[in-house]
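The structure appears right after this line, and notes come after that.
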Amino acid sequence: MPQPKELPGFYYDPEKNRYFPIKGPIPGSSSKPKTPALNSPQTSSNQESGGSCCRKLRNRTLSKLLQARELDGHSVVISRYCRSNFTEEFRKMQASRPVVWKYRGTDGMRITALEHLRVDVQTSEGQTETDVLLTGSTNGSMSFSQVGGVGRNYDGGTKWRADCVKNYVKGRTDEHNEVLKPVFKPNRAALLMSSRISSIRLGPKCSSHAVNDGHIVGRALFTTLGSETSGGSVYTLDLVEPLNLGPGILNTWSGLEEIASFRCTIWTAEYDYNRHRAVIGTNLGGASVDLETGTISWFLHCKSDVFAQQIVSSGNVILCGLRNGAIVTVDSRESRESLSGRLITHRIPYTSSDKKVGGSNKEWFKLKGDIYPSHTIRMPSSISCLASLQFDDQYFLASSMDGSMRLYDLRLLQRGAVQCYEGHVNSHTRIQIGVDPSERFVMSGGEDCKLRLWSIKSGELLFEDKFSDSVISTVCYKTYGHSFKAEEENQYKRDSSQGAWLGSLEGLFYMCWL
């Protein structure tokens with residue numbers, strides 16, 4: 001069969017045997033047409049020769065940036081290779097100068113999963129809206145902690161105060177730093193599960209990525225990894241009613257329900273809002289769990305563990321990242337298993353995205369599922385994390401256990417990565433990547449115990465430093481607010497609600513931008 005012709009502005013889908021228009025700009029880019037001087041994300045010549053100026057943080061100062069704007073207008077010339085927008089450069093400069101806090105006494109938490117939510121809490125003084133952290137640990141402990149709580153309304157507990165461990169804002173000393181709110185963990189606010197907490201996901205009403213306010217609201221999903229004697233389980237926690245973290249804490253935990261148990265390891269899970277189901281990744285493949293009935297339906301069977309998953313916001317596609325480095329695209333619109341009684345077997349050829357030009361060696365692996373064989377790609381090592389972008393759900397970020405981190409376009413997978421992010425350090429650890437609410441920046445911890453932050457658009461490394469003696473493995477942003485004010489007159493002001501919670505085996509950290 002002849003190869004399809006390439007048409008400008010269109011891509012060919014071999015499954016559907018037709019062309020589709022390429023919609024949407026590169027995430028974070030301007031809607032205005034680019035000049036040839038700009039660094040195109042899909043070309044690597046400038047990135048590899050001289051274009052490295054867009055890879056690592058330049059030594060910017062606000063005075064130099066303002067001077068460049070006066071000379072060049074809003075289109076600022078950064079170097080002979082790069083031209084950028086003044087607002088974009090100003091935001092990068094701000095992102096590169098965070099303030100980092102560590103909470104004293106949290107060393108024993110050994111955090112493996114972390115989510116921030118804003119909920120109604122019932123106290124002796126009445127009902128109030130407050131910030132709450134939901135954390136999971138290596139020993140299977142699930143716990144609530146109130147941000148800013150002082151313990152007046154509770155029957156005892158533990159208060160953790162924050163110390164500023166890093167301040168990258170020039171001209172601001174520790175004396176000028178605002179005192180960060182303490183975190184209070186009430187007594188009996190922790191529940192011990194059967195094994196390590198492998199994932200926590202928030203339901204639509206609680207999540208910053210919720211697309212609607214459907215009838216299913218106020219629920220948290222979490223999974224346990226499993227142990228030598230038992231497999232992992234899927235749980236939900238009802239958050240519709242106000243939380244009672246005081247003497248009535250048992251009423252809060254009474255909303256906990258075990259939906260399904262497995263005889264296998266559960267590595268990861270995602271909350272599918274549209275279909276009200278959990279999508280889980282195990283050592284046997286991928287499955288979905290109906291959160292109302294507990295019905296389990298397998299959509300992928302393979303011999304390689306599913307370490308990472310991501311649901312495209314349309315709900316029609318599930319991305320599965322495997323131990324062997326493959327990223328498989330699953331069609332979730334209809335289950336052939338229910339029609340034929342068994343999944344379709346595929347023999348997938350794949351080559352590393354780092355394959356040298358002219359290489360002819362192909363590798364094969366077998367799997368069963370409702371997948372798009374032509375949309376399967378492979379990274380150099382086991383997949384550590386996947387994260388889709390809400391700005392355009394065709395784009396997703398992927399990291400692997402060799403330190404690779406890349407941005408892909410689901411429509412153009414076979415053309416390789418749209419953008420690469422250099423400097424990440426990983427060899428065998430499952431490390432979560434975090435995308436800020438504005439989807440301009442991505443951050444991740446590394447096995448060298450450093451935290452790094454990149455520009456999603458340019459791939460530029462904006463921040464890199466060590467402030468923890470263990471790997472920062474979990475990242476979550478606040479579930480409300482935006483990174484920057486949207487109003488024209490306030491476009492250079494940082495929203496005070498912006499911040500990221502960081503978790504490691506060493507304890508709890510908070511990163512904010514002043």
Side-chain angles (χ1 to χ4, degrees), residues 15 195-196 198-199 201 221-228 230-235 258-272 275 277-291 293-312 315-350 363-379 381-388 396 398-401 410 413 430:
E15 299 290 333
S195 62
R196 174 187 180 124
S198 56
S199 65
R201 299 293 182 264
L221 166 75
F222 68 94
T223 58
T224 55
L225 182 69
S227 62
E228 295 180 356
S230 62
S233 296
V234 178
Y235 298 85
E258 183 180 24
I259 303 299
S261 60
F262 291 78
R263 296 181 178 178
C264 58
T265 300
I266 299 180
W267 292 109
T268 186
E270 293 295 328
Y271 201 133
D272 187 348
R275 292 172 173 81
R277 63 178 179 174
V279 176
I280 64 170
T282 75
N283 61 322
L284 301 179
S288 64
V289 180
D290 189 299
L291 296 181
T293 65
T295 303
I296 300 171
S297 178
W298 290 88
F299 56 78
L300 180 67
H301 282 301
C302 56
K303 295 182 178 180
S304 186
D305 299 48
V306 178
F307 278 163
Q309 288 179 320
Q310 191 63 216
I311 301 174
V312 174
N316 294 332
V317 170
I318 301 172
L319 300 173
C320 296
L322 309 185
R323 181 191 288 271
N324 65 9
I327 300 177
V328 178
T329 304
V330 179
D331 182 1
S332 63
R333 289 174 297 182
E334 60 176 309
S335 176
R336 296 185 180 93
E337 181 182 20
S338 61
L339 299 177
S340 63
R342 61 179 181 178
L343 296 173
I344 298 176
T345 301
H346 301 271
R347 187 168 178 259
I348 306 296
Y350 66 86
E363 301 179 47
W364 301 78
F365 72 97
K366 289 184 179 181
L367 53 78
K368 296 180 180 180
D370 304 323
I371 71 168
Y372 295 111
S374 62
H375 288 186
T376 300
I377 58 172
R378 186 195 180 195
M379 293 187 73
S381 184
S382 302
I383 304 302
S384 175
C385 187
L386 297 172
S388 63
F396 68 93
S399 64
S400 62
M401 295 185 189
L410 195 59
L413 286 178
R430 294 178 61 242

For the side chain of [X] and the backbone of [Y], is there at least one donor-acceptor N/O pair under 3.5 Å apart?
{"X": "S304", "Y": "L322", "answer": "no"}
{"X": "S332", "Y": "N316", "answer": "yes"}
{"X": "S198", "Y": "T223", "answer": "yes"}
{"X": "D305", "Y": "F307", "answer": "no"}

Please enumerate all residues that pass side chain to side chain donor-acceptor pair (under 3.5 Å) together with [X], with sequence neighbours excluded.
{"X": "S382", "value": "none"}
{"X": "R430", "value": "none"}
{"X": "R201", "value": "E270"}
{"X": "S195", "value": "none"}

Which heavy-atom pair separates [X] from [Y] by the least distance, and what is that distance?
{"X": "V306", "Y": "W267", "result": "O-CB, 3.5 Å"}
{"X": "A326", "Y": "F365", "result": "CB-CZ, 3.9 Å"}
{"X": "A308", "Y": "C385", "result": "CB-CA, 3.8 Å"}
{"X": "C320", "Y": "Q309", "result": "SG-NE2, 3.8 Å"}
{"X": "V289", "Y": "A260", "result": "CG1-CB, 3.9 Å"}
{"X": "I371", "Y": "P373", "result": "O-CD, 3.3 Å"}

Going by the rule side chain to side chain contact (heavy atoms under 4.5 Å, CB included), which residues pair with [X] if we only count those two or more places apart in sequence or in a different chain?
{"X": "A398", "answer": "I327, M379, L386, F396, Y408"}
{"X": "L284", "answer": "C264, T282, W298"}
{"X": "R347", "answer": "W364, K366"}
{"X": "T345", "answer": "K368"}

With rounding to the nearest 0.5 Å, note down the distance linking [atom1] in [X] to [atom2] in [Y].
{"X": "L367", "Y": "T376", "atom1": "CG", "atom2": "OG1", "value": "7.0 Å"}
{"X": "I280", "Y": "I296", "atom1": "CD1", "atom2": "CD1", "value": "7.0 Å"}
{"X": "R323", "Y": "S381", "atom1": "CZ", "atom2": "OG", "value": "10.0 Å"}
{"X": "R378", "Y": "I348", "atom1": "CZ", "atom2": "CD1", "value": "13.5 Å"}

- Item | For Y235, ring pair (Phe, Tyr, Trp, His ring centres under 6.0 Å) partners two or more places apart |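 Once residues adjacent in sequence are excluded, the partners of Y235 under the ring pair (Phe, Tyr, Trp, His ring centres under 6.0 Å) criterion are F222.
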- Message: Under a 3.5 Å cutoff, is there a donor and acceptor pairing between the side chains of Q310 and S388?
- Response: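 There is such a pair (donor and acceptor under 3.5 Å, judged by atom type) between the side chains of Q310 and S388.
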- Item | Residues which pass salt bridge (Lys or Arg N to Asp or Glu O under 4.0 Å) with R196, listed by chain and number, not counting sequence neighbours |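 For R196 there are no salt bridge (Lys or Arg N to Asp or Glu O under 4.0 Å) partners, ignoring immediate neighbours.
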- Yes or no on side chain to side chain contact (heavy atoms under 4.5 Å, CB included) for V317 and D331, after CA distance, side-chain angles and deciding distance? CA-CA 5 Å; V317 170; D331 182 1; 5.9 Å; no
- Task: Could you please spell out the steps behind the side chain to side chain contact (heavy atoms under 4.5 Å, CB included) verdict for I318 and D272?
- Result: CA-CA 10 Å; I318 301 172; D272 187 348; 5.8 Å; no
